[in-house]
Amino acid sequence: RDMANNVAARKKELADTIEASTSAARSNQRAVDDVKHTFNQAKDLVKQARDLSTSAIDTRHAATQAFDKFHASIRDTENSIDNRFNLIDDKTRDFATASAKYTE
């Protein structure tokens, strides 16, 4: 009878140990799943950061090109104005020369 009680007690201890191990394994699996999920979120954030960085570089490049075009347009306008003033100076000189000859 003692032996039967002893066997029953050992069976209960073994069942309790198995239950505790199973519970710990489930808890560990949840922790592993949480780590995997966090890792995947981090990977997604890194990808988003790379995409934003690429987008920022593209935007900067486009802005630089637009600025260069704007600057070139200003230079063209300045050259056009200079040419107009030179033409006005030439015409004024021609008029002055013609006026001087006429008044002689």
Side-chain angles (χ1 to χ4, degrees):
R1 183 170 173 114
D2 277 342
M3 200 160 145
N5 285 341
N6 203 6
V7 168
R10 297 290 167 245
K11 276 181 152 180
K12 171 97 170 86
E13 285 177 18
L14 185 58
D16 290 347
T17 301
I18 289 171
E19 179 59 36
S21 294
T22 302
S23 178
R26 284 188 193 115
S27 179
N28 287 344
Q29 186 59 51
R30 281 192 299 274
V32 167
D33 291 344
D34 288 347
V35 168
K36 283 181 182 177
H37 179 71
T38 301
F39 178 75
N40 286 333
Q41 284 180 322
K43 273 186 3 184
D44 288 345
L45 288 173
V46 168
K47 183 185 179 314
Q48 289 175 16
R50 280 189 187 132
D51 291 347
L52 286 172
S53 177
T54 299
S55 178
I57 290 167
D58 291 347
T59 301
R60 180 176 175 241
H61 181 68
T64 300
Q65 284 182 327
F67 179 77
D68 290 346
K69 285 181 183 177
F70 178 69
H71 194 63
S73 174
I74 289 173
R75 277 194 313 271
D76 289 346
T77 302
E78 287 172 340
N79 289 337
S80 176
I81 290 169
D82 287 345
N83 289 339
R84 295 284 178 171
F85 277 124
N86 288 337
L87 183 63
I88 290 169
D89 288 345
D90 291 346
K91 296 294 180 187
T92 302
R93 223 177 358 267
D94 291 347
F95 181 75
T97 302
S99 292
K101 284 184 182 176
Y102 180 77
T103 55
E104 286 177 357

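Values reported hereafter were calculated over all heavy atoms of this structure, with side chains retained and with hydrogens, waters and symmetry mates removed.
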Participant: Have Asp44 and Gln48 got a donor and an acceptor in their side chains that come within less than 3.5 Å?
Facilitator: no

Participant: Does Ser53 reach the main-chain N or O of Ala49 with its side chain, forming a donor-acceptor pair under 3.5 Å?
Facilitator: no

Participant: Before you tell me yes or no, could you show the steps for Arg93 and Asp90 under side-chain contact (heavy atoms from CB on, under 4.5 Å), namely the whole-Å CA-CA distance, both residues' side-chain angles and the distance that decides it to 0.1 Å?
Facilitator: CA-CA 5 Å; Arg93 223 177 358 267; Asp90 291 346; 2.5 Å; yes

Participant: I'd like to check Ser55 versus Thr59 (side-chain heavy atoms, cut-off strictly below 4.5 Å). Are they in contact?
Facilitator: yes

Participant: Ignoring hydrogens and geometry, is there a side-chain-to-backbone donor-acceptor pair from Thr38 to Asp34 under 3.5 Å?
Facilitator: yes

Participant: Can you tell me how far apart OG (Ser23) and CZ (Arg26) are? Round to the nearest 0.5 Å.
Facilitator: 6.5 Å

Participant: Please step through side-chain contact (heavy atoms from CB on, under 4.5 Å) for the pair Thr64 and Arg60, ending with a clear verdict.
Facilitator: CA-CA 6 Å; Thr64 300; Arg60 180 176 175 241; 4.3 Å; yes

Participant: Do the charged groups of Arg10 and Glu13 touch, with an N to O distance under 4.0 Å?
Facilitator: yes

Participant: Which distance, rounded to the nearest 0.5 Å, do you find between the NE2 of His37 and the CG of Asn40?
Facilitator: 8.0 Å

Participant: So, are Asp94 and Lys91 salt-bridged, with charged N and O less than 4.0 Å apart?
Facilitator: no

Participant: Just how far is it from atom CZ of Arg84 to atom CG of Asp89, taken to the nearest 0.5 Å?
Facilitator: 13.5 Å

Participant: With distance as the sole test, does Thr77 use its side chain to make a donor-acceptor pair with the main-chain N or O of Ser73 at under 3.5 Å?
Facilitator: yes

Participant: Are the side chain of Ser21 and the backbone of Thr17 linked by a donor-acceptor contact shorter than 3.5 Å?
Facilitator: yes

Participant: May I ask you to decide if Ile88's main-chain N or O and Thr92's side chain share a donor-acceptor pair within less than 3.5 Å?
Facilitator: yes

Participant: Any salt bridge linking Lys12 with Asp16? Criterion: basic side-chain nitrogen under 4.0 Å from a carboxylate oxygen.
Facilitator: yes

